[in-house]
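Here's the structure we're looking at; comments come further down.
Since the structure is predicted, the reported quantities are computational estimates derived from the model, not experimental observations.
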Amino acid sequence: MKPRVMIVEDEEALTTLLRYNLEAEGYEVEAVVRGDEAEIRLRESPPDLLLLDWMLPGVSGIEICRRLRTRRETELLPIIMLTARGEEGERIRGLATGADDYVVKPFSVPELLARVRALLRRVKPEHVSRTLKAGDIELDRENRRVRRHAREVHLGPTEFRLLEFLMQSAGRVFTREQLLDGVWGRDVYVDERTVDVHVGRLRKAINRGRKPDPIRTVRGAGYSFDETFARQQ
């Protein structure tokens, strides 16, 4: 079953961005705007991980976190606090209240996704796949290694993240803008043509020896990892 993530955040644009990227990673996502509504949903059906904004209408995120830690059903629920409060004292307060991790806005979406994976791997390892496999390609997330037909494929950090992002949503077509957000992050400015350069480098590395190319170029749209690639091998 897909791991379920609940987002409690009153910024609509941020919620939309987080939902898109989490679903692209294979998570089931539920979003709630108000703190009091979140408390009701958390009692009815606790998620596998909670992304919780500090400042919320109804009940504050810090108070929700405190209450969750007093209930047996949610005392071990993984919680990542999202907040604009970056002072050391505030971070300490958030962690002391029971948050497992703390992310200050604005943040890198790839970094947040990495924190989600790391936290789930620690508390619920059965929900996080350490490897992605398709055909003769195997990507090891934990050791940051890629093999193709038992041959080590040497990739740079950006090419590794790009391959990981595409493989985890095989068949889905991503525009260059979506790839920039998902791989580089919104807070990093790079030209969309940079995507083409890195896709070219990735293809050169994984397709040596005239191997079949698993990356599909969709004219006028972008790129995808061919969902039929595994069946072709």
Side-chain angles (χ1 to χ4, degrees), residues 2-3 5 16-27 29 103 106-121 127-233:
K2 292 182 178 180
V5 176
T16 300
L17 177 68
L18 291 174
R19 179 192 289 275
Y20 173 82
N21 283 278
L22 286 164
E23 289 180 343
E25 284 241 344
Y27 299 105
V29 179
V103 180
F107 49 80
S108 160
V109 172
E111 179 184 350
L112 176 63
L113 294 176
R115 288 172 183 254
V116 168
R117 286 196 300 270
L119 185 52
L120 280 175
R121 184 182 297 119
H127 283 318
V128 180
S129 173
R130 298 189 179 189
T131 61
L132 297 174
K133 296 181 180 179
D136 58 358
I137 297 177
E138 180 176 318
L139 183 146
D140 184 339
R141 283 172 153 165
E142 185 168 320
N143 297 306
R144 312 294 289 181
R145 300 177 71 177
V146 175
R147 290 181 175 275
R148 183 164 192 186
H149 196 61
R151 176 181 66 85
E152 187 86 15
V153 178
H154 299 286
L155 299 178
T158 301
E159 285 72 37
F160 182 92
R161 293 196 305 270
L162 180 59
L163 179 61
E164 179 185 24
F165 188 81
L166 290 169
M167 285 184 70
Q168 66 197 5
S169 300
R172 182 169 182 171
V173 178
F174 292 97
T175 66
R176 290 168 178 80
E177 183 179 359
Q178 289 169 338
L179 288 172
L180 285 174
D181 283 347
V183 177
W184 281 264
R186 299 183 74 193
D187 55 342
V188 177
Y189 177 77
V190 289
D191 191 276
E192 288 189 6
R193 288 174 294 182
T194 301
V195 174
D196 299 327
V197 172
H198 285 280
V199 168
R201 291 176 181 172
L202 175 59
R203 279 175 160 154
K204 183 177 180 180
I206 63 175
N207 298 334
R208 287 180 181 173
R210 298 185 178 180
K211 294 281 188 180
D213 187 359
I215 299 174
R216 185 164 59 96
T217 300
V218 182
R219 190 177 298 276
Y223 299 99
S224 74
F225 191 91
D226 189 353
E227 72 275 24
T228 68
F229 179 71
R231 298 193 294 273
Q232 293 171 357
Q233 305 300 301

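Inter-residue side-chain proximity for Val146 and Glu159 is flagged as unmet; no heavy-atom pair is nearer than 4.5 Å. Side-chain contact check for Leu202 versus Tyr223: every heavy-atom pair is 4.5 Å or farther apart.
The salt bridge (Lys or Arg N to Asp or Glu O under 4.0 Å) pairs that include a residue from residues 212-222 are Arg203-Asp213, where partners are two or more places apart or lie in different chains. Listed by first then second residue, pairs satisfying salt bridge (Lys or Arg N to Asp or Glu O under 4.0 Å) with a partner in residues 170-180 read Arg176-Asp196, not counting sequence neighbours. Sorted by first and then second residue, the ring-ring contact (aromatic ring centres under 6.0 Å, His included) pairs involving residues 132-181 (not counting sequence neighbours) are Phe165-Phe174.
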Evaluate Leu166 against Leu179 for side chain to side chain contact (heavy atoms under 4.5 Å, CB included), listing each step before the verdict. CA-CA 9 Å; Leu166 290 169; Leu179 288 172; 4.0 Å; yes
Test side chain to side chain contact (heavy atoms under 4.5 Å, CB included) on Thr194 and Trp184 and set out the steps. CA-CA 10 Å; Thr194 301; Trp184 281 264; 4.1 Å; yes
Should His198 and Val183 be marked as a side chain to side chain contact (heavy atoms under 4.5 Å, CB included) after you check the CA-CA gap, both sets of side-chain angles, and the distance that decides it? CA-CA 11 Å; His198 285 280; Val183 177; over 6 Å; no
Tell me, with the steps shown, if Ile206 and Lys211 meet side chain to side chain contact (heavy atoms under 4.5 Å, CB included). CA-CA 8 Å; Ile206 63 175; Lys211 294 281 188 180; over 6 Å; no
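Across Val173 and Gly222, no two heavy atoms sit closer than the pair CG1-N, 4.3 Å. Nearest heavy atoms, Pro212 versus Pro214: O-CD, 3.3 Å.
Checked against side chain to side chain donor-acceptor pair (under 3.5 Å), Arg144 has no partners two or more places apart in sequence or in another chain.
Between the CD1 atom in Ile215 and the CG atom in Asn207 there is a gap of 7.0 Å [rounded to 0.5 Å]. Here the straight-line distance linking atom CE of Met167 with atom OG1 of Thr131 works out to 8.5 Å at 0.5 Å rounding. The line from CG of Leu132 to CZ of Phe225 is 9.0 Å long, rounded to the nearest 0.5 Å.
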Using residues 18-26 as the side-chain source, report each donor-acceptor pair under 3.5 Å to any protein atom, sequence neighbours left out, with the distance given to one decimal.
residue, atom, partner, partner atom, Å
Arg19, NH1, Val29, O, 3.4
Tyr20, OH, Gln178, OE1, 3.3
Tyr20, OH, Gln178, NE2, 3.4
Asn21, ND2, Leu17, O, 2.9
Glu25, OE1, Arg117, NH1, 3.0
Glu25, OE2, Arg117, NH1, 2.6
Glu25, OE2, Gln168, NE2, 3.2

